[in-house]
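Structure first, then comments.
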Amino acid sequence: MRAWLLHHARAAGAALRKLGRSPLSTLFNIIVVAIALALPAGLYVALTNIQQAVRTLSPEPQLTVFVALEASKAEVSLIDTRLKEHPQVARLRYVPRERALEDMKRASGMGGIAEALERNPLPDAFVVDAADPAPDVMDRLRTEIAAWPKVAHVQLDAEWAQRLDAVLKVGRVALLLLATVLAFSLVAITFNTIRLQMLTQREEIEVTTLIGATDGFIRRPFLYYGAGLGLLGGLAACGFVWTATTVLNGALIDLSYLYGARWEVAQLSWRDSASLLAFAAALGWLGAWMSVARHLGRVRPR
Amino acid sequence: MIALTNVTKRYPGGHEAVKNATLSIERGEMVFLMGHSGAGKSTLLKLIAAIERPTSGKVVVNGQNLGSLRARAIPYLRRNLGLVFQDHKLLFDRSAFENVMLPLNIQGYDRRDAARRARAALDKVGLLGHEKALPVTLSCGEQQRLCIARAVVHRPAVLLADEPTGNLDAAYAAEIGELFRAFNQVGATVVIATHDVQLAERLAPRLIAIASGRVDTLAAAAA
């Protein structure tokens, strides 16, 4: 156990020294890895922010219940009672048809049309806040109320939010695809880097094999090198994303000031950053492992 | 300690480097494999160190039949051997001391213990003053001695040397011969492939003559 830990500590140390020995090429490798990681990470930040913005902009989805024009006052109040007693209804607002007409008259551009009307074409309406805003629950509630007598039409007025949600879902799928492609490229980068490393260290591999090194002993520093490359690339990617969001926030402050609001782009969270680093290190490790498995037999004697 | 039975090694292309060789080396013996260049001495050493596998026949080292040894077990077999190469095979990007440390690092020695053993080995070959030197700054004889220090630092039971005095003048060769004698005296089995007759006369080991891949029994009897 102690020897095992010692071997790992030494391999990690050797990998670090190797990274430090050629700083320029290491730097370029890190930048390539960082770009491969920063693209999906940046897109992820953008998507999360859009989602957050949508959630704050769009109020809870509401149902508007339009009562049939020919309904009597008694029938309207019956609907009112039924809605009030319904367990799924959280809040209820009654908009009488006279008020609706007043609103229409006050609305710019519509005043003339409303004046010209001989009689009020607008129905009584109820605006319903549901207890549970989940889309399927809302949908069931809508069909239920629409079947009541003297209810002309029930409208779910959060459809634009649903559409946006669907667009975001497409965005997430695109993000996943992009992340997959770039994960492959990260593996390919480490694979190739390790291959070059092994070629330049051909002699060392040969000699250590001849004096009794196991495959594990030879492989270990390369694995640490790959993981280290991934980790440093991940750190740089976090740095890129952080810088980009900070710069963007600086520009947004001026813009939001003009609109009298406060807009801010949220940074990549600590948890997401940590998983990005772990993911990058794991991919680097994987690329190194594949490379050593593929090339060890060719570099080493026999 | 080492036993070859009817061993043949044919390289791809059909060249037979070793033909039906049978020989046996006891524990603690010093043996010279003598013969001209290309006689098959190096191949015999490689067969013993499991660097090459025999085309046919049986190689037994330290009680282990190399033919039935799994690839994963070979590193552990080699840890019982000390290899001295004609071309030294030193690592030129690290100091003499780090070169000697290499076998100990591979075997997971504690750093302090390893450093002590490495200094002892360097002292034995007379290179203690050069421990920080890079191999390129050492002379050919010093490089060969460094290679020997690396081969013996982990106290192997068997020392295999391929033309250890190949490129050295007589004085250096004599020095190196004395090193091998010293290791043999403390109990190591020493097998040296060489065509250096002076060295053989000086150390008076058991001689095994190799001629075009065959163990030449007549010559061995004559010696």
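Only heavy atoms go into these numbers, but all of them, side chains included; no hydrogens, no water, no symmetry mates. Lettering of chains follows the sequences in order, A, B, ..., and the numbering in each one begins at 1.
Counting non-hydrogen atoms of other residues, nucleotides and ligands closer than 6.0 Å to CH2 of A:W285 gives a total above 12. Applying the 6.0 Å contact sphere to OH of B:Y11 captures more than 12 heavy atoms from other residues, nucleotides or ligands. Atom OH of A:Y44 sits in a sparse spot, with 12 or fewer heavy atoms from other residues, nucleotides or ligands closer than 6.0 Å. Within a 6.0 Å radius of CZ in A:F28, other residues, nucleotides and ligands contribute 12 heavy atoms or fewer. For A:F240, the CZ atom counts as densely surrounded, since its 6.0 Å shell holds more than 12 non-hydrogen atoms of other residues, nucleotides or ligands. Applying the 6.0 Å contact sphere to CZ of B:R94 captures more than 12 heavy atoms from other residues, nucleotides or ligands. Annotation for B:K19: atom NZ counts as buried by contact number, over 12 foreign heavy atoms lying within 6.0 Å. Around CZ of A:R172, the count of heavy atoms belonging to other residues, nucleotides or ligands within 6.0 Å exceeds 12.
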- Begin with the C-alpha distance, continue with both residues' side-chain angles, and end with the deciding distance and a verdict on side-chain contact (heavy atoms from CB on, under 4.5 Å) for B:L102 and A:E204. CA-CA 10 Å; B:L102 197 57; A:E204 187 177 339; 5.6 Å; no
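A salt bridge between B:K89 and A:E206 is present, with a side-chain N of the basic residue lying under 4.0 Å from a carboxylate O of the acidic one.
In this structure, the separation between CD1 on B:I74 and OG1 on A:T214 is 12.5 Å, given to the nearest 0.5 Å. Between B:L91 atom CG and A:E203 atom CD the span is 7.0 Å, to the nearest 0.5 Å.
A:L210 is listed as a side-chain neighbour of B:F85, based on a closest heavy-atom distance under 4.5 Å. Side-chain contact between B:N105 and A:R10 is present, with heavy atoms from C-beta onward closer than 4.5 Å. Annotation: side chain of A:H7 is not in contact with side chain of B:Q107 (no heavy-atom distance under 4.5 Å).
Between A:I211 and B:P103 the shortest heavy-atom distance is CD1-CG, 3.9 Å.
Using a 4.5 Å cut-off between heavy atoms, B:L90 touches chain A through its backbone atoms (N, CA, C, O) alone. Heavy atoms of B:R72 lying under 4.5 Å from chain A are absent altogether. Looking at A:R21, only its side chain comes within 4.5 Å of chain B, counting heavy atoms on both sides.
Although no hydrogens or angles enter the test, the distance criterion places a donor-acceptor pair under 3.5 Å between the side chain of B:R79 and the main chain of A:G212.
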